[in-house]
Trainee: 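One structure follows; several queries about it will come next.
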Protein chains: 2
Amino acid sequence: MARIKDVAKEAGVAPSTVSLVLNKKGYVSEETRLKVEAAVEKLNYIPSEMARNLSLQRTNIIGVIVPSISHPFFSELAEALETELYSLGYKMMLCCTKYKENSERKFIEMLKRQTMDGIIMGAHSLDVSIYEGLKEPVIAFDRYLNDNIPIVHCDHCIGGRLAAEAFLQHDCHHVIGIEGYQGVHTPANDYHRVFHETMRQHGVTTDILEMPWNAFTYEDFLATAEKLFKEYRDIDGIFGSDMAIASCMRVAAQRGYRIPRDIKMVAYDGTGMTQTGIQPITAVRQPIEKLAAIAAQKVVSKVKGTKDNLPWVLQPRLLKGETC
Amino acid sequence: MARIKDVAKEAGVAPSTVSLVLNKKGYVSEETRLKVEAAVEKLNYIPSEMARNLSLQRTNIIGVIVPSISHPFFSELAEALETELYSLGYKMMLCCTKYKENSERKFIEMLKRQTMDGIIMGAHSLDVSIYEGLKEPVIAFDRYLNDNIPIVHCDHCIGGRLAAEAFLQHDCHHVIGIEGYQGVHTPANDYHRVFHETMRQHGVTTDILEMPWNAFTYEDFLATAEKLFKEYRDIDGIFGSDMAIASCMRVAAQRGYRIPRDIKMVAYDGTGMTQTGIQPITAVRQPIEKLAAIAAQKVVSKVKGTKDNLPWVLQPRLLKGETC
DNA sequence: TTGAAAGCGCTAACAG
DNA sequence: CTGTTAGCGCTTTCAA
């Protein structure tokens, strides 16, 4: 493996000159530039990123923490983050916290070890004390960590209202909201709050079914759906995340309910999965790509110490499907 | 930010001794160990990963190349890879090639630059010449790259047969197979080949609908489904990937077909999405988690230069759903 | 315009 | 058992 000094020797110049040529910095005479380029070519020289990193004190890697990545919301998020980070010249290192005992703590540790330049944090952690006093660049994605860590998120109050309005057009009487574990401190809790408030203002009975913490597999959602139909009999509406609704559709069908005739359903998130299958799902869509692009740009701004004028909050919208 | 020499000074020892203590190598007297640990504590010292990387000539990062990550197959794969790599002490750096003009080439370049220790490659690249003569550790996931790069994959011949057998139990007459772009050189092409062979041996007419290259969004699949129903009228079976089938279910329903009464459907991959929705989908399931675990262990073996006795090929199985 | 030299922060061989 | 020394491979002053 050729090193910079091999190239220097081959070209008959000093390593520093090779460095200048490679990084197009300073003034180098045409003549030596050509000599260096020829040497690079001849030796098939490729600079070591590790050495540059140490010298420049950065890695151009951004860490992304999510609970799961097989879950459609996070898989769309991760894809959008990777795409945006790539276009900003960064690579994405992924950490899924689900099932991994304090992998998040280790990841933060890696941030301090300068394994990455910054982090976008979107996991459902209960203990966020590790973020206290953290000097490194962190952006939260739809998650409250502490007063110093800004949050990119969707306006969930509007989201909750859009969902409620969808149900209210079809006079339901009893609607169940499937919620994530409420111990997680997130702006997303707003959409349920506003949803129930709005529904009750219009005289609709609502109930809440809370899911266990960090439950993201389809088995988790199917189990919750089973539980819902066991506990509640006279219902005519269900509101929950994409996966929750897709699971309820299965259980509802098994029990002979017709959708939307017998039960209306509205999903929150509006990932691609709501658009396939026998019935496309009526859903409140979070602008995942845009949220991701903003989160990526914000974290890079923080790493570089620059400013941007991007908004922190974006609007969701309703996708009309066939379930409500 | 404290450095190793600060710790050394604080503890009144040499940097190398601090290093020994931190890495639990060699023999260090209890006394100095305690002194060092106290100094580490006091200065809140955290070693720099970049410096260790340069010194040890490794990064403990494995790159993973996939076409997309919002696609359920790859999102499940990525999650399983991350989990396994994590337990092996490695981090996963992700590269989605879809929509990114030669991002793959850049990624391979990064491998050569020692940004990562090895790569698991699962993208649908048409030009695999960049892998020619590559010295760095690479494992292919369900993809032919070249004779020197071993492949982890599922036994797709069995997969194709399982799918055919599912249809043959219900005497279909005309079944369409939706295939990925056939220019991609992958073991997965086998499942269509065997599927069609088996069906035709039993007197069933089959046709092939080929998708465009690198088409992975639900819009792509819906478009293909529309095309299918426009081009073929008298069909009673469809075989394709999870996303393809889910999309066909939607279009079939729109056109008034009942599943499985009018059309039987079998999906290939069997990701979680086949288990939710109004009708769970009959599917050939690839053992994604196990394939991922093997790929991860294989690439790490290659990085470390060790051997393992893990198999390269795993068996798929049929998940009975309600669509065939 | 170029080269020498110091430095990024850690590890490891080798004395002692 | 511990300190000295020499790297790992690149960047960046600072002279010349």
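Just so it is clear: chains get the letters A, B, ... in the order the sequence lines come, proteins before strands, and each one is counted from 1. Keep in mind the model is a prediction, meaning the values are calculated, not measured. Only this structure's heavy atoms are used, side chains among them; waters, hydrogens and symmetry mates stay out.
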Trainee: Does Glu10(A) come within less than 4.0 Å of Lys42(A), counting only side-chain N to carboxylate O?
Mentor: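 Yes, Glu10(A) and Lys42(A) are salt-bridged.
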Trainee: For nucleotides 7-16 of chain D, just jot down a letter per nucleotide in 5' to 3' order: B, S or -, based on protein non-hydrogen atoms under 4.0 Å.
Mentor: BBBBSB----
Trainee: For a 4.0 angstrom threshold against heavy atoms of chain A, report the outermost contacting nucleotides of DNA chain C in 5' to 3' order.
Mentor: dT1(C) to dG9(C)
Trainee: Please check: side-chain N/O of Asp127(B) versus main-chain N/O of Ser129(B), any donor-acceptor pairing under 3.5 Å?
Mentor: yes
Trainee: Taking all non-hydrogen atoms of both residues into account, name the closest pair between Arg3(A) and Ser48(A) and its distance.
Mentor: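 Minimum heavy-atom contact is NH1-CB, 4.2 Å.
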Trainee: Just by modelled atom types, is the Ser70(A) backbone N or O under 3.5 Å from a matching donor or acceptor in the Glu79(B) side chain?
Mentor: yes
Trainee: Less than 4.0 angstrom from a charged side-chain N to a carboxylate O is my criterion; do Lys35(A) and Glu30(A) meet it?
Mentor: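 Salt bridge: no.
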Trainee: Going by distance alone, is a donor N or O of one side chain under 3.5 Å from an acceptor N or O of the other, for Arg52(A) and Asn23(A)?
Mentor: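 The criterion, which ignores hydrogens and geometry beyond distance, is satisfied for Asn23(A) and Arg52(A).
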Trainee: Identify whether the distance between the nearest side-chain nitrogen and carboxylate oxygen of Glu136(B) and Lys302(B) falls below 4.0 Å.
Mentor: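 So Glu136(B) does not pair with Lys302(B) through a salt bridge.
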Trainee: Give the residues of residues 28-43 of chain B touching DNA chain C, defined as any heavy atom closer than 4.0 Å, sorted by residue number.
Mentor: none
Trainee: Between Tyr90(A) and Glu82(A), does any side-chain donor sit less than 3.5 Å from a side-chain acceptor?
Mentor: no
Trainee: Assess whether a salt bridge exists between Lys106(A) and Glu109(A), defined as any Lys/Arg side-chain N lying under 4.0 Å from an Asp/Glu carboxylate O.
Mentor: no
Trainee: Taking Asp6(A) for its side chain and Ala2(A) for its backbone only, find out whether a donor-acceptor pair lies under 3.5 Å.
Mentor: no
